[in-house]
Protein chains: 2
Amino acid sequence: MKDVAAEAGVALKTVSRVVNNEPGVNAATADRVRAAIERLGYSRNESARVLRQGRTSSIGLVIEDVGDPFYSGVSRAVEDVAIRHGSLVLSGSSAEEPARERELVLTFCARRVDGLIVVPAGADHSYLRSELAAGTPAVFVDRPAGPGLDVDTVLCDNRGGARMATAHLLAHGHRRIAFLGDSPTIYTAGEREHGYREALGDLVDERLISMAHPELDRVRADLDRMLGMDDPPTALFTGNGRLTMTVLRALAGRRMALIGFDDFELADLLSPGVSVVSQDSAGLGRVSAELLFRRIAGGGGPAERVQLPVRLIPRGSGELPPEAPRSS
Amino acid sequence: MKDVAAEAGVALKTVSRVVNNEPGVNAATADRVRAAIERLGYSRNESARVLRQGRTSSIGLVIEDVGDPFYSGVSRAVEDVAIRHGSLVLSGSSAEEPARERELVLTFCARRVDGLIVVPAGADHSYLRSELAAGTPAVFVDRPAGPGLDVDTVLCDNRGGARMATAHLLAHGHRRIAFLGDSPTIYTAGEREHGYREALGDLVDERLISMAHPELDRVRADLDRMLGMDDPPTALFTGNGRLTMTVLRALAGRRMALIGFDDFELADLLSPGVSVVSQDSAGLGRVSAELLFRRIAGGGGPAERVQLPVRLIPRGSGELPPEAPRSS
DNA sequence: GGACCCTCTGACAACGTTGTCAGCAGGCAG
DNA sequence: CTGCCTGCTGACAACGTTGTCAGAGGGTCC
């Protein structure tokens with residue numbers, strides 16, 4: 001910028017004014033400056049601008065794994081909203097490790113992001129308190145923050161969705177419905193288990209509940225155990241997309257009523273099509289990003305808690321009757 | 001930092017030394033400083049550090065769409081390598097629009113990223129020349145850079161993979177093999193088409209070639225046209241993952257030999273399993289990121305061009321004989 | 001006692017921007 | 001002619017950090 005000023009024969013500040021389209025610069029002077037910028041291939045150093053203004057125009061996004069379709073949907077939606085607000089997205093995957101989540105968040109804060117969107121891996125977020133107090137807003141997505149942290153939260157209706165799925169299977173005549181879910185330490189897993197129990201009432205049988213994900217071997221073992229029982233389940237309810245696929249593989253073509261939580265590509269092409277409770281991952285990302293930018297713009301008020309609806313998509317597998325004839 | 005210095009009763013520079021673990025600070029003094037940091041909840045402002053040192057410890061990643069499983073695989077691998085090098089990843093989706101690609105790259109450069117990883121959407125990258133000259137290294141992934149740009153490039157063996165797939169179908173007795181591919185403006189699509197033509201030789205029939213993606217309606221129309229011919233294709237070769245799924249849906253259960261370029265989740269669960277040419281998306285990300293960090297560290301030498309192998313995974317659909325009995 | 005070295009500490013400038021304020025020229029009213 | 005306003009421009013400080021260099025205090029050696 002100094003060089004540009006020299007080249008155009010004006011002061012530093014005048015170049016700054018031209019670069020920022022500030023009014024009050026003579027058109028001829030501005031043209032001269034622009035020509036100089038062109039000649040020198042100058043581009044403003046955003047780092048310095050950030051330092052001076054205290055606004056980075058970037059937000060931090062911590063998710064569990066960009067590679068997972070559910071989270072990459074969230075990620076893409078956040079990015080779109082951010083672009084619209086002239087912001088960039090710094091993102092990182094926590095890999096479900098609280099320590100890595102913490103490290104990412106603190107790194108983002110050190111870079112002075114304008115705000116944070118977090119899918120928490122851990123349960124303790126006290127490390128965020130000082131950042132929040134310092135004025136960096138945060139929005140928690142998919143799972144709520146640990147106790148004592150008063151932040152905006154955007155969730156799916158996990159419990160309602162699980163209730164809906166279980167009720168759907170009950171309505172199709174099933175009485176022995178198994179639940180295969182994530183580790184109960186994960187919020188969404190607990191909620192879905194609750195919804196399942198609520199819908200099932202007296203019909204709950206603890207032996208038909210397995211919450212072992214992500215240890216897929218244990219999931220498979222539990223499934224085998226259940227299928228070998230005297231009174232085996234006639235229907236399965238799986239607690240997330242990855243589990244649904246694992247179970248489909250473990251069933252190896254065996255026809256059995258099944259509903260999965262979380263939709264996935266190609267669920268419609270299997271035979272029968274896999275009925276699912278669909279979560280709106282893009283909505284999750286969009287709503288949370290919009291909430292965050294409202295806070296960044298100074299929007300006050302108490303912490304909000306938004307719950308997005310889920311949708312049951314019947315495709316065949318969830319509508320199979322009990323004791324369906326075994327194929328192959 | 002100023003406050004910390006005052007609190008601890010030392011000079012600014014001493015705090016800086018402690019924060020950076022520089023040697024030559026009395027242990028007692030250091031402890032006092034650390035205590036002050038703790039009390040005040042101080043965290044270093046990276047923006048200022050960046051400004052002073054000229055290194056941002058961040059890289060820019062431009063891909064086509066984070067939501068696409070292939071690219072999110074790349075993305076995740078890049079992130080892992082970056083973390084290992086103490087860098088953060090700024091990422092953005094070009095949505096296959098050259099203008100957006102350019103804007104993202106220039107935004108990243110203005111933020112003085114240490115390097116760039118780009119899946120190019122456009123064919124003209126002359127806008128990058130000045131940035132490269134200014135010392136910001138770049139690595140192109142999945143597709144090469146436009147003409148006249150001498151940068152490191154990491155590609156898959158698109159042509160070889162297509163040749164392999166087509167030869168596989170030929171070996172199973174097919175002579176009428178259709179190719180449904182991406183728009184020919186996309187590098188990978190052209191390469192795959194070439195491979196297909198090379199393997200097919202004299203058997204090429206222009207009426208069996210459709211390169212209309214991403215307009216899925218046109219793909220479906222082309223497929224219908226081909227299937228309605230007097231001498232319809234007995235096998236299909238699809239040019240990317242999304243196309244494979246579109247075609248599978250359009251076939252609506254109709255049994256027909258098929259090989260897809262690019263693997264996808266659940267390809268093994270369909271019946272028959274979908275044979276694919278699998279690209280190593282994680283490898284693409286990892287290799288390109290490692291190459292980039294070697295450049296950032298000052299690694300010289302001429303631009304490298306790495307080609308990663310692909311793998312044919314037979315799952316059933318690619319092994320169906322011609323004139324297979326029509327199911328359903 | 002003086003020269004020297006070593007350890008620890010601090011003052012100051014610089015990175016590249018932008019906000020504040022002052023100054024200059026010219027026009028216009030009184 | 002004076003005073004004031006308007007339009008344009010520039011000098012300077014400040015953002016928070018780090019690199020450079022200098023200095024203070026104490027010990028060692030001749």
Side-chain angles (χ1 to χ4, degrees), chain A residues 1-37 40-58 86 106-114 131 134-136, chain B residues 1-37 40-58 86 106-114 131 134-136:
Chain A
M1 183 142 153
K2 208 168 52 182
D3 298 340
V4 173
E7 173 85 11
V10 297
L12 220 55
K13 180 66 213 189
T14 302
V15 179
S16 169
R17 272 191 265 259
V18 172
V19 169
N20 293 295
N21 288 317
E22 284 176 39
V25 177
N26 186 298
T29 315
D31 282 346
R32 227 168 57 236
V33 172
R34 270 189 285 267
I37 287 177
L40 274 63
Y42 161 82
S43 101
R44 175 170 61 195
N45 183 324
E46 291 293 328
S47 310
R49 176 170 229 248
V50 161
L51 176 59
R52 190 65 234 268
Q53 304 202 318
R55 266 288 186 93
T56 57
S57 293
S58 60
L106 293 180
T107 307
F108 290 159
C109 286
R111 303 232 174 179
R112 298 293 187 269
V113 293
D114 297 337
E131 306 297 340
T136 306
Chain B
M1 184 145 153
K2 210 169 49 181
D3 299 339
V4 173
E7 173 85 11
V10 298
L12 220 54
K13 180 65 212 190
T14 301
V15 179
S16 170
R17 273 192 264 259
V18 172
V19 170
N20 293 295
N21 287 318
E22 284 176 39
V25 178
N26 186 299
T29 315
D31 283 346
R32 228 168 57 237
V33 171
R34 271 189 285 269
I37 287 176
L40 274 62
Y42 161 83
S43 103
R44 176 170 62 194
N45 183 326
E46 290 295 326
S47 308
R49 175 170 229 246
V50 161
L51 176 59
R52 191 65 233 266
Q53 303 203 318
R55 265 290 186 91
T56 57
S57 293
S58 60
L106 293 180
T107 307
F108 289 158
C109 286
R111 303 231 174 179
R112 297 295 187 269
V113 292
D114 297 338
E131 307 297 341
T136 307

Value in whole Å for how far the [atom2] atom of [N] lies from [atom1] of [X]:
X      : N      : atom1 : atom2 : result
B:E22  : C:dC8  : CD    : C1'   : 13 Å
B:L12  : C:dA11 : CG    : C1'   : 10 Å
A:M1   : C:dC15 : CE    : C1'   : 13 Å
B:R111 : C:dG16 : CZ    : P     : 18 Å

Quiz item: Residues two or more places apart in sequence or in another chain: which of them pass side-chain hydrogen bond (donor to acceptor under 3.5 Å, both in side chains) with A:E131?
Solution: none
Quiz item: Residues in side-chain hydrogen bond (donor to acceptor under 3.5 Å, both in side chains) with A:T56, at least two apart?
Solution: A:S58, A:D114
Identify, with sequence neighbours excluded, every residue that meets side-chain contact (heavy atoms from CB on, under 4.5 Å) alongside [X].
X     : answer
A:E22 : A:K13, A:R17, A:N20
B:L12 : B:M1, B:K2, B:A5
B:A8  : B:V10, B:V33, B:A36

Quiz item: Any side-chain N or O of B:T14 under 4.0 Å from OP1/OP2 of C:dG10?
Solution: yes
Quiz item: Within the pair B:S16 and D:dT17, is there a side-chain N or O less than 4.0 Å away from OP1 or OP2?
Solution: no
Exercise. Report the C-alpha distance between B:V19 and B:Y42 in whole Å, list the side-chain angles of each, state the deciding distance to 0.1 Å, and finish with yes or no for side-chain contact (heavy atoms from CB on, under 4.5 Å).
Key: CA-CA 10 Å; B:V19 170; B:Y42 161 83; 4.1 Å; yes
Quiz prompt | Inter-end axis angle, the helix from C:dG1-D:dC30 to C:dG30-D:dC1, with every axis fitted to five base pairs (rounded, 10 degrees) | solution = 60°
Quiz item: Would a 4.5 Å heavy-atom cut-off, applied to side chains only, mark B:R49 and B:S16 as touching?
Solution: no
Quiz item: Side chains of B:E7 and B:L40: does their closest heavy-atom pair fall under 4.5 Å?
Solution: yes
Quiz item: Can you list the residues that meet the salt bridge (charged side-chain N to carboxylate O under 4.0 Å, His left out) rule with B:R44, with sequence neighbours excluded?
Solution: B:E46
Self-check item: Interface with DNA chain C, restricted to residues 24-32 of chain B and to heavy atoms under 4.0 Å
Solution: B:G24, B:V25, B:N26, B:T29
Quiz item: Can you tell me how far CZ of A:R112 sits from CG of A:L51, rounded to the nearest 0.5 angstrom?
Solution: 10.5 Å
Exercise. Show the numbers, then the answer: is there a side-chain contact (heavy atoms from CB on, under 4.5 Å) between A:R111 and B:S57?
Key: CA-CA 11 Å; A:R111 303 232 174 179; B:S57 293; 3.5 Å; yes
Practice problem: Would you list the pairs meeting side chain to side chain donor-acceptor pair (under 3.5 Å) in which at least one residue belongs to residues 26-37 of chain B, sequence neighbours left out? | Solution: B:D31-B:R34
Quiz item: When you measure from every atom of DNA chain D, which of residues 44-57 of chain A have a heavy atom less than 4.0 Å away?
Solution: A:L51, A:R52
Quiz item: Could you run down nucleotides 20-27 of chain C 5' to 3' and tag each one B, S or - for protein heavy-atom contact under 4.0 Å?
Solution: B-------
Quiz item: Looking across every strand, which nucleic acid part, if any, lies under 4.0 Å from A:V10 by heavy atom: base, sugar-phosphate, or nothing?
Solution: sugar-phosphate
